[in-house]
Every structure is written in C-alpha cells, then in structure tokens.
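Everything numeric here is computed off the predicted structure, so don't read it as measured data.
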Amino acid sequence: MDMTIDPIRAARAYLLGVAEPPAPALSMFVEALGPVEAAARVKAGEVPDPVRDETSARSARDHVEADLENAAAAGARLVIPEDDEWPGWPLLALHNACGRGLRWAGPPLALWVRGPVALDDGLQRAVSVIGARAATSYGEHVASEFGYGLAEAGATVVSGAAYGIDGAAHRGALGAEGTTVAVLGCGVDVRYPAAHSRLLDRIADTGAVISEYPPGTPPAKHRFLVRNRLIAALSAGTVVVEAGVRSGARNTASTAAALGKVVLAVPGPIGSAMSLGCHELLRLGAATVVCSVPEILEAVGQVGADLVTPREKPKRSTDGLGDQALRVHEALKTRGGLSPEQVSSASGVPLSRVRALLPELELTGLAARGEEGWCRLRS
C-alpha cells in the first residue's frame with residue numbers, strides 16, 4: 001500500500017478490493033483488530049480459515065492507489081466508518097443481523113460515493129422505492145409520483161438505478177429537485193445500465209451514487225443481489241411498487257423485513273404478473289398496503305410524526321338521523337304520497353312516533369306533505 005495515503009483509508013480500500021461482499025468473517029475480523037492490522041494480516045495470509053476463504057483469491061491484489069485515483073477522476077470518494085459522514089445508524093441493522101448469524105448481512109467495510117451529499121445527512125430520512133425492471137405504465141407512474149412526493153416532503157429516495165420502477169422513482173425525486181441515492185452492483189464509474197448514463201450523472205450532481213465495489217468493477221448478477229441489502233438497510237422503510245413472485249425487488253423486500261425495516265407494498269390489478277409479488281407480500285402479512293405518499297411517510301416516520309390526515313368522508317343529508325327517523329325517511333317515496341299509517345306499516349315504527357317524526361323531517365328539508373300524503377325530498 002502507498003503509506004502516503006491515510007493508513008486507515010488505505011487499509012479499507014485494500015480490503016474492499018480483496019473480498020467480494022458480503023464478507024461477514026472479514027467484517028468481524030476488521031472489527032476485532034482494526035482495519036490497518038486486519039489488512040496487514042490478510043496480505044500476509046495470517047488469518048483464520050473463514051477469513052482466508054473470503055480473501056485468499058485476491059489477497060495479492062493491492063490496487064489502492066489506482067482505485068483512489070480512478071475514483072477521484074470520476075468525481076468519487078471513499079467514505080469509511082471513521083468519517084463523520086458514515087451512515088452508521090441505518091447500517092447498524094446489518095451489523096446486528098450479521099451478529100445473529102445472517103451471513104448475507106455483512107456490513108460494508110467502506111463505500112465508494114459519487115455525489116455531493118453527506119451520507120449521514122442525506123440518509124437521515126430516507127425511503128427506498130423499488131420494483132420490477134419490466135414495469136407496467138401503471139407501476140412507473142406510481143413510482144414517479146411517489147419519488148416526487150417523497151422528495152417534495154424532504155425525504156431522500158433510495159433505489160438501484162435499474163430500468164422500470166427504480167429509474168422512475170429516481171426521476172420523480174429529481175423532478176421535485178430533491179435528493180436521491182442510487183446503489184449500484186458495479187463500480188461508481190461504470191455506466192450501467194448504459195441507457196441510464198445521463199440519469200446516473202443527474203443523480204450524482206445533487207445526490208449520491210454508491211457502491212461497495214472498487215472503480216471499474218463490472219456488473220454481475222450476484223452483485224446486484226448483494227447490493228440489495230444496502231438498499232434495504234440505508235432507509236427507514238422499503239416501498240415495493242411492482243414485483244414478480246421471484247424477483248430482485250421481492251428479495252430486497254425480504255431483506256428489509258429481516259433487518260427489522262418497514263416494508264410497504266402497492267396493490268395492483270389482480271391479473272398483472274408484475275403485481276403478484278406485491279400481492280404475495282400483502283397476503284402473507286410481510287408488507288403493509290400503501291397507496292399514497294402521506295401513508296408512506298406515516299409508516300416510516302417517527303412515532304407521532306407525519307401522521308396521515310384522515311380522509312373526510314362524503315356527507316349525506318340523512319347523517320345524524322336516529323334509527324327510527326332514518327327508517328321513516330327510507331319508507332317514504334319520492335313520487336306520490338303516503339299516509340302516516342302506510343309509513344308506519346312500511347317502516348315498522350309505531351304510528352305515534354311516525355306522526356312526531358314526519359314534521360321533524362319536513363323541518364330539515366327531508367320530507368314534505370302534499371295532497372296525496374307524505375313524500376321524500378332528499379336521499
């Protein structure tokens with residue numbers, strides 16, 4: 001390693017290049033010894049077998065200086081747990097899950113970041129919006145509306161920059177001039193998917209593009225599954241807009257649930273293959289149904305904050321009528337008239353009570369007395 005670089009930063013950069021995330025044994029090794037000592041032992045091969053299994057294939061790789069230079073050329077930086085901006089609170093969920101034996105939940109050793117947002121501030125109030133790549137127009141519309149509304153409310157929108165729902169959520173947040181964060185399964189300087197090059201640049205202009213993988217690392221299927229744990233961990237809750245029964249979005253939702261995060265799902269047409277995953281999450285009780293931005297904010301916000309204002313129910317002219325008055329009103333006809341005796345028979349209300357209620361209904365504009373008898377004015 002080039003020791004002109006901060007030793008701790010250099011050690012973590014080295015370890016990021018040595019182990020393919022998640023590397024739970026290496027994470028615990030670093031926590032026990034510190035990054036500098038752990039990196040030295042990995043390089044010398046003086047490590048326990050579980051750590052050796054995660055690092056031996058690349059332990060001779062020491063591209064720290066090149067990785068940092070390539071990152072700087074791309075406008076990126078390496079954020080480490082020792083930095084003030086490290087998002088320690090949201091990532092604590094991974095640390096705790098890893099401690100419970102969930103190997104897939106190994107916390108990141110550091111993060112490559114392209115963009116001006118300080119992670120601790122930007123992720124203080126964040127929501128992940130995810131879903132199918134092959135999204136329907138309905139799904140993309142919902143994701144865009146959610147992204148816009150969340151950003152307008154001051155929340156950071158986290159997603160994976162993929163086609164479909166991810167891209168729509170990012171664009172919605174950008175449309176509101178809010179903050180959005182993209183988590184990649186490749187290097188932060190790799191433009192993938194290629195058609196989202198401009199979108200990634202826009203995200204990096206005002207938000208952040210994040211990855212555990214060193215600059216230049218190509219995309220791979222397993223890396224996208226691994227990065228899903230970061231999408232789930234970096235926010236207070238995950239909203240699944242559309243998802244197949246077996247999909248990356250469903251995987252992220254399951255990950256979020258395992259981390260103790262809020263999981264929300266958007267219902268869709270029962271015949272849509274892209275909504276089957278959401279409906280399955282709801283059927284199993286693994287997610288809560290959500291239909292609006294205020295509902296999302298209420299679910300992921302602090303207790304007592306961001307409460308949804310109850311929707312005002314439409315008022316009827318008969319609201320406030322007692323049971324007998326309502327039965328008398330319903331017994332009346334809009335055409336023709338009925339005698340009090342006929343109203344009593346139709347409503348089952350005693351005649352004496354009917355004779356008292358009919359004038360009351362007339363005073364409130366709900367009934368009228370004509371030549372043929374009593375009739376209903378409004379329903």
Side-chain angles (χ1 to χ4, degrees), residues 1-72 76-114 118-124 183-184 187-188 208 210-217 223 226-227 229-230 232-234 259:
M1 299 179 204
D2 183 350
M3 298 311 292
T4 61
I5 304 169
D6 169 43
I8 295 177
R9 197 171 304 278
R12 289 192 177 274
Y14 165 74
L15 294 169
L16 278 182
V18 166
E20 188 78 16
L26 179 59
S27 293
M28 289 187 286
F29 192 62
V30 171
E31 186 174 343
L33 300 180
V36 175
E37 178 65 18
R41 293 200 185 188
V42 167
K43 197 167 188 180
E46 300 171 354
V47 294
D49 288 342
V51 177
R52 183 175 290 105
D53 290 342
E54 294 175 354
T55 60
S56 60
R58 300 175 184 166
S59 59
R61 180 194 188 277
D62 188 351
H63 300 167
V64 171
E65 188 172 355
D67 287 343
L68 290 170
E69 288 178 355
N70 291 336
R77 64 191 184 280
L78 182 64
V79 177
I80 61 176
E82 292 77 12
D83 289 333
D84 290 340
E85 70 166 297
W86 181 254
W89 176 249
L91 291 177
L92 182 62
L94 288 176
H95 183 276
N96 292 340
C98 187
R100 298 197 307 269
L102 301 178
R103 292 185 57 81
W104 55 262
L109 296 166
L111 292 169
W112 298 97
V113 180
R114 181 163 73 100
L119 297 187
D120 59 333
D121 288 337
L123 297 170
Q124 194 170 33
V183 186
L184 306 186
V188 293
I210 295 175
S211 177
E212 290 177 274
Y213 301 100
T217 302
R223 288 176 179 147
V226 168
R227 69 87 194 261
R229 81 192 198 289
L230 294 181
L234 290 173
L259 295 177

Notebook entry, point to check: When you look at Leu78 and Asp67, which way does the side-chain contact (heavy atoms from CB on, under 4.5 Å) test go after all the steps?
Noted result: CA-CA 10 Å; Leu78 182 64; Asp67 287 343; over 6 Å; no

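- Taking the side chain as every heavy atom from C-beta outward, Pro107 and Cys98 approach each other to under 4.5 Å.
- For Arg229 (side chain) and Val226 (main-chain N/O), a donor-acceptor pair under 3.5 Å exists by modelled atom type.
- Nearest heavy atoms, Leu259 versus Ala93: CD2-O, 3.6 Å.
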Margin query: Quick one, Val42 with Leu26, criterion side-chain contact (heavy atoms from CB on, under 4.5 Å). Give me CA distance, side-chain angles, the key distance, then yes/no.
Written below: CA-CA 9 Å; Val42 167; Leu26 179 59; 4.0 Å; yes

Can you give the donor-acceptor pairs under 3.5 Å from side chains of residues 44-51 to other protein atoms, not counting sequence neighbours?
from	atom 1	to	atom 2	distance (Å)
Asp49	OD1	Arg52	NH1	2.7

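- Each side chain to side chain donor-acceptor pair (under 3.5 Å) pair with one or both residues in residues 22-33, not counting sequence neighbours, appears once here: Glu31-His95.
- The shortest side-chain heavy-atom distance between Leu230 and Leu94 falls under the 4.5 Å cut-off.
- The nearest pair of heavy atoms linking Pro214 to Gly17 is CG-CA, 3.9 Å.
- Between Arg223 and Glu212 no salt bridge is recorded (no basic side-chain N to carboxylate O distance below 4.0 Å).
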Next item on the list: Any chance you could lay out the side-chain contact (heavy atoms from CB on, under 4.5 Å) test for Arg41 and Phe29, step after step, and finish with the verdict?
Entry: CA-CA 10 Å; Arg41 293 200 185 188; Phe29 192 62; 4.0 Å; yes

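- With rounding to the nearest 0.5 Å, the separation of CG in Leu111 from CG in Leu234 is 7.0 Å.
- Of the possible donor and acceptor atoms, none in the side chain of Tyr213 sits under 3.5 Å from a partner among the backbone N and O of Val188.
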Quick one: side chains of residues 84-91, donor-acceptor pairs under 3.5 Å with protein atoms, not counting sequence neighbours, listed by atom name and distance.
from	atom 1	to	atom 2	distance (Å)
Glu85	OE1	Arg77	NH2	3.1
Glu85	OE1	Leu119	N	3.0
Glu85	OE2	Arg77	NE	3.1

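- When side chains are defined from C-beta on, Val30 counts as touching Arg12, because their heavy atoms get closer than 4.5 Å.
- To the nearest 0.5 Å, atoms CG (Leu68) and NE2 (His63) are separated by 12.5 Å.
- Residues Arg9 and Asp83 meet the side-chain proximity criterion, which asks for heavy atoms closer than 4.5 Å.
- A heavy-atom distance below 4.5 Å is found between the side chains of Ser59 and Tyr14.
- Counting all heavy atoms, side chain and backbone alike, Glu82 lies closest to Pro35 at OE2-CG, 3.9 Å.
- Scanning all heavy atoms of the two residues, the minimum distance from Arg227 to Leu184 falls at CB-O, 3.7 Å.
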